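Proteins come first, then strands; the chains are lettered A, B, ... in the order of their sequence lines, and each starts at number 1. No experiment lies behind these values; they were computed from the predicted model shown. In what follows, every heavy atom counts, from backbone to side chain, and hydrogens, waters and symmetry copies are set aside.
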Protein chains: 2
Amino acid sequence: MPLSHKVFVSAAEVARKAGVSRSAVSRAFTPGASISGETRQRVMQAAEELGYHVNHLARGLMRNESGIVCLIVSDVATPYRSALLRELTQQLQTAGKVAMLVNTDRSDGSVDRALSQAIRYRADASIILSGLPDKSITQLCLRNGQRLVLINRDDDQPGPLRINLDDHEAAGRVVTAFVRAGCTRLAFASSEAGTPSLMAREAGFIAAAKSHGLDVIVERYGWTGYEAGKVVAHRLLTRTQRPDAVFCATDLLACGFMDAARHQFSISIPEQLCVVGFDDIEQSSWSSYQLTTFAQPVAAIAQEAVTWLANGSSGELDGRSVKLHADLIWRDSVRGG
Amino acid sequence: MPLSHKVFVSAAEVARKAGVSRSAVSRAFTPGASISGETRQRVMQAAEELGYHVNHLARGLMRNESGIVCLIVSDVATPYRSALLRELTQQLQTAGKVAMLVNTDRSDGSVDRALSQAIRYRADASIILSGLPDKSITQLCLRNGQRLVLINRDDDQPGPLRINLDDHEAAGRVVTAFVRAGCTRLAFASSEAGTPSLMAREAGFIAAAKSHGLDVIVERYGWTGYEAGKVVAHRLLTRTQRPDAVFCATDLLACGFMDAARHQFSISIPEQLCVVGFDDIEQSSWSSYQLTTFAQPVAAIAQEAVTWLANGSSGELDGRSVKLHADLIWRDSVRGG
DNA sequence: TTGTAAGCGTTATCAG
DNA sequence: CTGATAACGCTTACAA
């Protein structure tokens with residue numbers, strides 16, 4: 001138990017030292033407040049000497065605005081997730097907010113518990129990168145004036161800001177690329193996670209293939225990571241009719257897939273097999289992979305979220321649905337780029 | 001500007017609905033408080049129905065303990081950093097704390113600004129993963145009862161908990177491995193970041209080499225990442241006396257180094273060149289690299305930090321220095337593992 | 001522009 | 001075990 005006998009210096013002490021009232025101190029630290037330059041100077045100097053910092057807990061209590069934005073995410077250590085996280089925290093900071101990071105696992109109610117945490121700390125908003133909250137808790141947040149951003153969750157509840165990519169359409173472009181490269185035996189490599197983005201990519205790929213008169217072999221395994229890519233590669237590449245083009249739902253999966261294809265099956269990419277991924281993680285640009293893939297517009301996603309948060313809520317249900325474009329980055333894993 | 005006309009439900013409302021006093025509500029939500037099972041029931045039900053959540057801003061104000069721990073870090077999107085971040089946030093959460101994430105850049109005073117943020121939110125502690133704070137602000141934190149953890153910063157200020165690895169000694173083990181593999185032309189590949197860990201690895205490597213009567217070629221470039229590894233590889237591998245063993249200060253650097261060596265210089269690893277890295281990021285275990293490297297004991301680091309925080313401060317200067325061991329993970333980038 | 005005073009939602013203290 | 005009351009550190013009418 002921390003005894004912590006009242007250690008932080010308070011505005012009252014600064015006021016006393018500066019010879020002004022507490023309100024003056026408060027005003028000195030409030031951007032647009034009506035205070036004379038001279039008193040502000042005096043206050044600031046006293047604050048400096050005493051090492052005073054405004055208590056944002058108390059300020060948040062009064063203003064009914066904590067400045068905290070809660071980031072709810074699982075698998076933080078994953079390249080795409082951590083890139084998005086970096087972008088989000090940075091933009092949040094420059095917007096004068098502070099990020100609270102809550103890790104979720106894939107267990108039931110994990111996101112709901114995270115949102116409760118956000119409510120307890122009276123976060124101004126929560127940004128959800130993983131999982132989907134229960135409808136009831138979403139309502140609770142909204143009712144309490146806590147704003148919600150759903151990234152790549154493809155939900156249709158009104159209220160939250162929903163930021164999504166054009167996964168379906170992007171997947172169609174993969175088919176075009178494969179067909180142009182002369183591929184005919186298409187496969188889709190994915191995981192069993194079944195997230196909206198994964199489903200959309202799969203559906204879009206299959207639909208576009210069908211319009212070209214082509215079938216798609218779909219293989220899914222485990223969680224969307226490197227290892228899953230290897231497993232799926234084994235399943236796909238030991239078939240009698242081996243595919244000559246595979247769209248991997250994720251770059252991480254694609255890396256595992258390529259490694260297995262090359263090192264265990266001695267298949268050369270793109271000569272014998274074309275591969276496309278999704279996310280454009282850093283590793284995709286490494287010489288060992290040079291993966292053709294779609295770029296997650298992380299900066300744009302973060303900007304969309306942060307500017308929406310910066311503009312105060314205009315009504316109860318000010319949530320919109322934003323669809324962002326994923327650019328195809330051509331590298332060397334598909335013939336005829 | 002959010003109008004947010006007092007939306008969150010307060011303890012008073014719960015008290016009224018449950019027909020008890022506010023204190024009863026408070027007690028119902030305080031683990032070891034003296035309250036009868038029956039009233040707790042009544043309170044909890046009313047709270048449930050109203051959607052009440054304890055306001056941690058107010059609680060923190062009273063208890064003088066916010067439950068917030070501030071994580072100060074740059075380059076969050078980097079594999080090793082994000083892995084440590086995941087571990088830290090998870091363990092913090094299970095310890096009942098909540099993580100506040102503050103991103104720093106490499107500019108001057110960046111860490112100090114981050115610490116100010118931590119102070120404003122009255123964080124119970126700050127964990128610093130990058131950079132080093134100014135001595136004055138460190139003192140300010142300590143004086144205010146805010147605890148400090150420095151990870152891999154190798155500082156000697158009293159007060160904070162300092163968690164470091166045995167970098168120097170580990171680097172010595174690399175030399176042994178290289179010598180055993182029959183290597184004689186040693187090189188050290190690093191960046192210009194000049195962090196304590198990097199310096200320790202370099203010094204340890206050179207010292208151990210000298211004790212074997214060997215010289216070390218040192219090459220440093222830019223910031224510690226994949227690209228730097230490629231640049232350093234170019235410099236090292238175009239020498240007339242090409243090294244036959246290189247210790248890379250970081251796995252990310254090693255990946256870039258290996259890719260350049262193999263794809264641009266057609267050097268085979270480990271036959272013609274032995275490589276060792278540091279960190280054991282996920283990519284090091286991928287088939288394309290199979291890098292022999294040192295494992296950062298991220299779980300142990302996080303545990304050390306969290307348990308120290310959990311045990312309340314026993315005095316002003318309760319900081320200790322902890323030295324953790326980095327295990328050498330043998331893979332295929334060194335001959336004769 | 002400034003000071004006074006009220007109030008934000010809690011918890012701690014102290015009677016009962 | 002329970003309820004009133006006084007803090008906690010701040011902001012913000014309101015009045016001067």
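- Rounded to a whole Å, the CE atom of B:Met62 is 15 Å from the C1' atom of D:dC10.
- For A:Ser82, the side chain to side chain donor-acceptor pair (under 3.5 Å) test picks out no residue, with sequence neighbours left out.
- Atom P of nucleotide D:dA13 and atom CG of A:Asn64 are separated by 13 Å, given to the nearest angstrom.
- When the side-chain nitrogen and oxygen atoms of A:Tyr52 are compared with OP1 and OP2 of D:dC10, one or more of them lie within a distance under 4.0 Å.
- With sequence neighbours left out, the ring pair (Phe, Tyr, Trp, His ring centres under 6.0 Å) criterion links A:His56 to B:Tyr121.
- Across the protein-nucleic acid pair, A:Arg63 atom CZ and D:dA13 atom C1' stand 15 Å apart, rounded to whole Å.
- Between its opening and closing five pairs, the helix from C:dT1-D:dA16 to C:dG16-D:dC1 changes axis direction by 30°, a value rounded to 10 degrees.
- If you measure from atom CZ of B:Arg22 to atom P of C:dA12, you get 16 Å, rounded to the nearest angstrom.
- Residue-to-nucleotide contacts include no donor-acceptor pair under 3.5 Å from the side chain of A:Ser23 to the base of D:dT11.
- Sparse packing is recorded around CD of B:Gln41, with 12 or fewer heavy atoms of other residues, nucleotides or ligands lying under 6.0 Å away.
- At the phosphate of D:dG3, OP1 or OP2 sits under 4.0 Å from a side-chain N or O atom of B:Ser21.
- Nearest nucleotide to the side chain of A:Asn55, out of D:dT12, D:dG9, C:dT10: D:dG9.
- In this structure B:Ser116 satisfies the side chain to side chain donor-acceptor pair (under 3.5 Å) test with no other residue, sequence neighbours excluded.
- Partners of A:Phe29 according to the ring pair (Phe, Tyr, Trp, His ring centres under 6.0 Å) rule, which considers only residues two or more places apart in sequence or in another chain, are A:Tyr52.
- When the side chain to side chain donor-acceptor pair (under 3.5 Å) test is applied to A:Asn55, no partner is found at least two apart in sequence or on another chain.
- Rounded to whole angstrom, the span from the CG atom of B:Leu57 across to the P atom of D:dC8 amounts to 18 Å.
- Heavy-atom distances under 4.0 Å link DNA chain C to A:Ala24, A:Arg27, A:Ser34, A:Ile35, A:Ser36, A:Thr39 of residues 24-42 of chain A, given in residue order.
- Protein atom CZ of B:Arg59 is 18 Å distant from nucleotide atom P of D:dG9, rounded to whole Å.
- Side chain of A:Ala11, nearest nucleotide from C:dT10, D:dT11, D:dC10: D:dC10.
- Rounding to whole angstrom units, CD of residue A:Glu65 and C1' of D:dT12 are separated by 15 Å.
- A salt bridge is defined here as a Lys NZ or Arg NE, NH1 or NH2 lying under 4.0 Å from an Asp or Glu carboxylate O, and B:Glu304 with B:Arg320 meets this definition.
- Under the rule for a side chain to side chain donor-acceptor pair (under 3.5 Å), A:Thr104 has no partner lying at least two apart in sequence or in another chain.
- For the side chain to side chain donor-acceptor pair (under 3.5 Å) condition, the pairs that include at least one residue of residues 127-137 of chain B, sequence neighbours left out, are B:Ser74-B:Ser130, B:Arg81-B:Ser130, B:Asp134-B:Ser136.
- For A:Leu61 and D:dT12, the CG to P distance is 12 Å, given to the nearest whole Å.
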